[in-house]
Amino acid sequence: MKPSIPKGTRDFLPEQVVKRNYIFDTIESVFKLFGYVPIETPSMESLETLTGKYGDEGDMLIFKILNSGDYLSGVNKDGLSEISSTELASSIAGKALRYDLTVPFARYVVQHQNDLTFPFKRYQIQPVWRADRPQKSRYREFYQCDVDVIGSKSFLNEIELIQIIDQVFSELGVKDFKIGINHRKILAGLAESLSISDKFSDMVTALDKWDKIGEEGVGKELDSKGVHRDGIAGIMKFAKATSLADLGDLGQSEEGKQGINEVSKILSKLDKLGIKSCLFNATLARGLSYYTGTIIEVVADGFSGSICAGGRYDDLTGIFGMKDVSGVGVSFGADRIYDLMEERNLFPSDANVSTEVMFANFGEEEASFCLPLLKEVRAEGINAELYPDSAKMKKQFSYADAKHVPYVAMIGADEMAKNELTLKTMETGEQRTIKSADLVKELKR
RNA sequence: GUGGUUGUAGCUCAGUUGGUUAGAGCACCUGGUUGUGGUCCAGGGGGUCGUGGGUUCGAGUCCCAUCUUCCACCCCA
């Protein structure tokens, strides 16, 4: 059998894992800095927990898990031709792999409400799965790094999340990122003022494609969905707004005004904090159906797809039986950030150094002699290893070279007798003999 | 899910209108150098041509199916 892994999944080489950890560690340290605490949830949830939260398209992209045992036992085989695949799925699969971290989080909050202190600020870094067709920077298994505050309606949370985004990408060295912000209530106000509230979700998905298919494409799509001419004209005018001031009063819509007011406050506070990366974007809409307030999306110039996104959701916990709990959060797409950073060579070069010094192996006696030295070096927090076999020097040096080990220490019979060692700097090729006792001092220079 | 695309050595790829024993570079192993990598020289190992069917005297090459890759759509981190 030829070894292989399922479509859209990946194995990672040590060098890749080191780089991935660099991203995870950076993100996590910023999350902690703002007072968020970690949680984890299982990779699988009850199917009904997930279905209906992501829109019709979303349901199809959920990976279902076949029931254990005879999974056909609950199926009426005679009626098989008449039932829909959704109905069949729910009778043979009671569990599914999580599609994102937000819905499981809402479930978690409701389930553990008595053990949590609100407002609850958590972060969660775990993989999610989508039965999508893979493409560049689109995988079937990928990591999301979520930060959310639940149980607080304050827009200070939005400001905090945007600060987090700004800090994470700055620390990672991604320079040209842009944080777009919009508000579901602004969009709802627009629909209301144009009397097309019944076409709200069609309007949202069409508007979201503005950057991709342009004015004409969006117009066509709206027309095909049955939006009347005045409505399309109004949406077009709206889409071209570059600031909140361009929106006017949105036809006296109370809801629209609320949205504008909130975004305006957020932007002015960010301005005072010196954060210039966040801008109002009228065409930012977001397809996920659970957003009700602010929506946020981060893109980088020349990189297709968002690298971080989120928003406010007012009713997610309500579905699980806990009313009036508003939450807001964003999710960093670690795998896309990796691809972006790889493309632009943004990983620090020392990210692939694991061992700082390797001791060459000259034989059993010499190797034993190295052991206390290794212990001493490691006690100083210096990563060190001893080549396990007394192989030829050529082989041992090739190994060190392949592993990007910067220093190789050699202790043969001569050095052993004098309590010395020969230290070679791999990059320059220079080497010199020093007292064993001076090794740590030498490596720390 | 829809449309297109890709698959030959560990990796990147050649391989003519179907024709005898499928090649190169890199990587790997051995030696030149019994205490020296990244350069150089010599030699060596490694391929059910993604998989399964079919057409043919003969298939890496043509046909069908399937899996995989990448791309567009849908949607999304």
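Numbered from 1 within each chain, the chains take letters A, B, ... in sequence-line order. What you see is a predicted model; the values in this text were computed from it and never measured. Note that these values count all heavy atoms, side chains included, but never hydrogens, waters or copies made by symmetry.
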Task: First of A:E221 and A:I411 reached from the 5' end of RNA chain B, by closest nucleotide - done: A:I411
- [ ] Using atom CG of A:D208 as one end and atom P of B:rA77 as the other, report the distance to the nearest whole Å.
- [x] 10 Å
Open item on the list: Using atom P in both nucleotides, what's the gap between B:rG23 and B:rU68 to the nearest angstrom?
Closed with: 32 Å
- [ ] Can you sort out the partners of A:K153 under side chain to side chain contact (heavy atoms under 4.5 Å, CB included), two or more places apart, ordered by chain and number?
- [x] A:S326
- [ ] Could you check how far CH2 of A:W210 sits from C1' of B:rC75, rounded to whole Å?
- [x] 21 Å
Open item on the list: Taking the ring of A:Y291 and the ring of A:Y313, is the distance between their centroids below 6.0 Å?
Closed with: no
Open item on the list: Which residues pass the side chain to side chain contact (heavy atoms under 4.5 Å, CB included) test with A:C145, not counting sequence neighbours?
Closed with: A:F24, A:I27, A:F31, A:I125, A:F332, A:A334
- [ ] List in chain and number order the residues that pass side chain to side chain donor-acceptor pair (under 3.5 Å) with A:K178, two or more places apart in sequence or in another chain; answer none if no residue qualifies.
- [x] A:D301
Open item on the list: Does A:Q431 contact B:rU36 through a side-chain donor or acceptor facing the base, at a distance under 3.5 Å?
Closed with: yes
TODO: Would you mind building the protein contact string for nucleotides 29-34 of chain B? One character per nucleotide, 5' to 3', B for base within reach (heavy atoms under 4.0 Å), S for sugar-phosphate only, - for untouched.
DONE: S-SB--
- [ ] Test A:D148 against every option in A:K121, A:R122, A:Q124 by the side-chain hydrogen bond (donor to acceptor under 3.5 Å, both in side chains) rule and name the one that passes.
- [x] A:R122
- [ ] Take atom CG of A:D59 and atom P of B:rC76, then tell me their distance rounded to the nearest Å.
- [x] 12 Å
- [ ] Could you pull out all residues at least two apart from A:T422 that satisfy side chain to side chain donor-acceptor pair (under 3.5 Å)?
- [x] A:E415, A:T433
- [ ] Taking atom C1' in both B:rG10 and B:rG53, compute the distance separating them and give it to the nearest angstrom.
- [x] 30 Å
- [ ] Send over the distance from A:M393 CE to B:rG37 P, rounded to a whole Å.
- [x] 10 Å
Task: Gap in Å between the two C1' atoms, one belonging to B:rU55 and one to B:rG45, rounded - done: 37 Å
Task: Distance, C1' atom - from B:rG35 to B:rC13, rounded to whole angstrom - done: 40 Å
- [ ] May I ask you to say what A:G58 touches in the nucleic acid, namely base, sugar-phosphate or nothing, with a heavy-atom cut-off under 4.0 Å?
- [x] nothing
Ignoring hydrogens and angles, write down the donor-acceptor pairs under 3.5 Å from the side chains of residues 99-109 of chain A, residues two or more places apart or on other chains.
{"residue": "A:D100", "atom": "OD1", "partner": "A:Y54", "partner atom": "OH", "Å": "2.6"}
{"residue": "A:D100", "atom": "OD1", "partner": "A:T102", "partner atom": "N", "Å": "3.4"}
{"residue": "A:D100", "atom": "OD1", "partner": "A:V103", "partner atom": "N", "Å": "3.3"}
{"residue": "A:D100", "atom": "OD2", "partner": "A:Y290", "partner atom": "OH", "Å": "2.7"}
{"residue": "A:T102", "atom": "OG1", "partner": "A:D146", "partner atom": "OD2", "Å": "3.4"}
{"residue": "A:R107", "atom": "NE", "partner": "A:Q111", "partner atom": "OE1", "Å": "3.1"}
{"residue": "A:R107", "atom": "NH1", "partner": "A:E45", "partner atom": "OE1", "Å": "3.0"}
{"residue": "A:R107", "atom": "NH1", "partner": "A:E45", "partner atom": "OE2", "Å": "2.5"}

- [ ] Classify the nucleic acid contact of A:M60 as base, sugar-phosphate or nothing, counting any heavy atom under 4.0 Å across all strands shown.
- [x] nothing
Task: Paired stretches of RNA chain B - 3 or more consecutive Watson-Crick or G-U pairs, each distance under 3.5 Å - done: B:1-4 with B:70-73, B:10-13 with B:23-26, B:28-32 with B:40-44, B:50-54 with B:62-66
Task: Interatomic distance, A:M341 CE vs B:rA77 C1' [rounded to whole Å] - done: 16 Å
Task: Pair A:Q167-A:E171, side-chain donor/acceptor within less than 3.5 Å - done: yes
Task: P-based separation of B:rG31 from B:rC49 [nearest Å] - done: 34 Å
Open item on the list: Which nucleotide wins on minimum distance to the side chain of A:S398, given the candidates B:rG37, B:rU69, B:rC73?
Closed with: B:rG37
Task: Nearest-angstrom distance from the residue atom CZ of A:F359 to C1' of B:rU36 - done: 16 Å
TODO: Give A:C308 one of three labels, base, sugar-phosphate or nothing, depending on what nucleic acid heavy atoms sit under 4.0 Å from its own.
DONE: sugar-phosphate
- [ ] Looking at every strand, decide which applies to A:Y143 at a 4.0 Å heavy-atom threshold: base, sugar-phosphate, or nothing.
- [x] nothing
Task: Euclidean distance, atom CD of residue A:E297 to atom P of B:rC75 [Å, nearest integer] - done: 13 Å
Open item on the list: Base, sugar-phosphate or nothing for A:G217? Non-hydrogen atoms, less than 4.0 Å.
Closed with: nothing
Open item on the list: Just to be sure I understand the geometry, which residues of residues 128-142 of chain A put a non-hydrogen atom under 4.0 Å away from RNA chain B?
Closed with: A:R130, A:D132, A:R133, A:Q135, A:K136, A:S137, A:R138, A:Y139, A:F142
Open item on the list: Need one value for A:A309: base, sugar-phosphate or nothing, where a base atom within 4.0 Å counts as base even if backbone is also close, heavy atoms only.
Closed with: sugar-phosphate
- [ ] Under 4.0 Å between any heavy atoms, over every strand shown, what does A:G305 touch: base, sugar-phosphate, or nothing? Just pick one.
- [x] nothing
Task: Note: A:E430-A:K424 ion pair, threshold 4.0 Å (strictly below) - done: no
Open item on the list: If you apply the rule ring-ring contact (aromatic ring centres under 6.0 Å, His included), what do you find for A:Y399 with A:Y387, and how did you get there?
Closed with: CA-CA 9 Å; A:Y399 171 87; A:Y387 194 87; 5.2 Å; yes
Open item on the list: Under 4.0 Å, heavy atoms only, any strand: does A:K209 hit a base, just the sugar-phosphate, or nothing?
Closed with: sugar-phosphate
Open item on the list: Taking any heavy-atom pair under 4.0 Å as a contact, classify A:K7: base, sugar-phosphate, or nothing.
Closed with: sugar-phosphate
TODO: Report the residues that fulfil salt bridge (charged side-chain N to carboxylate O under 4.0 Å, His left out) with A:D335, sequence neighbours left out, ordered by chain and then residue number.
DONE: A:R10, A:R20
Open item on the list: Whole angstroms only, please: what is the CG-P distance between A:L284 and B:rC76?
Closed with: 12 Å
Which pairs would a plain distance check flag for residues 210-220 of chain A, meaning a side-chain donor or acceptor within less than 3.5 Å of a matching protein atom at least two apart in sequence or in another chain?
{"residue": "A:E215", "atom": "OE1", "partner": "A:K240", "partner atom": "NZ", "Å": "3.4"}
{"residue": "A:E215", "atom": "OE2", "partner": "A:K240", "partner atom": "NZ", "Å": "3.1"}

TODO: Return the set of residues passing side chain to side chain contact (heavy atoms under 4.5 Å, CB included) with A:V17 (not counting sequence neighbours), or none when no residue passes.
DONE: A:F12, A:N21
Open item on the list: Would you measure the distance from the P atom in B:rC41 across to the matching atom in B:rG37 and give it in whole Å?
Closed with: 16 Å
Task: Nearest-angstrom distance, C1' atom, B:rG1 to B:rU21 - done: 47 Å
TODO: Please state the P separation for the pair B:rU48 and B:rC11 - nearest whole angstrom.
DONE: 13 Å
Open item on the list: Tell me whether the side-chain N or O atoms of A:D401 pair up with the base of B:rG38 as donor and acceptor below 3.5 Å, since no angle test is needed here.
Closed with: no
Open item on the list: My understanding is that only residues two or more places apart in sequence, or in another chain, count here; which of them pass side chain to side chain contact (heavy atoms under 4.5 Å, CB included) with A:M44?
Closed with: A:I65, A:K95
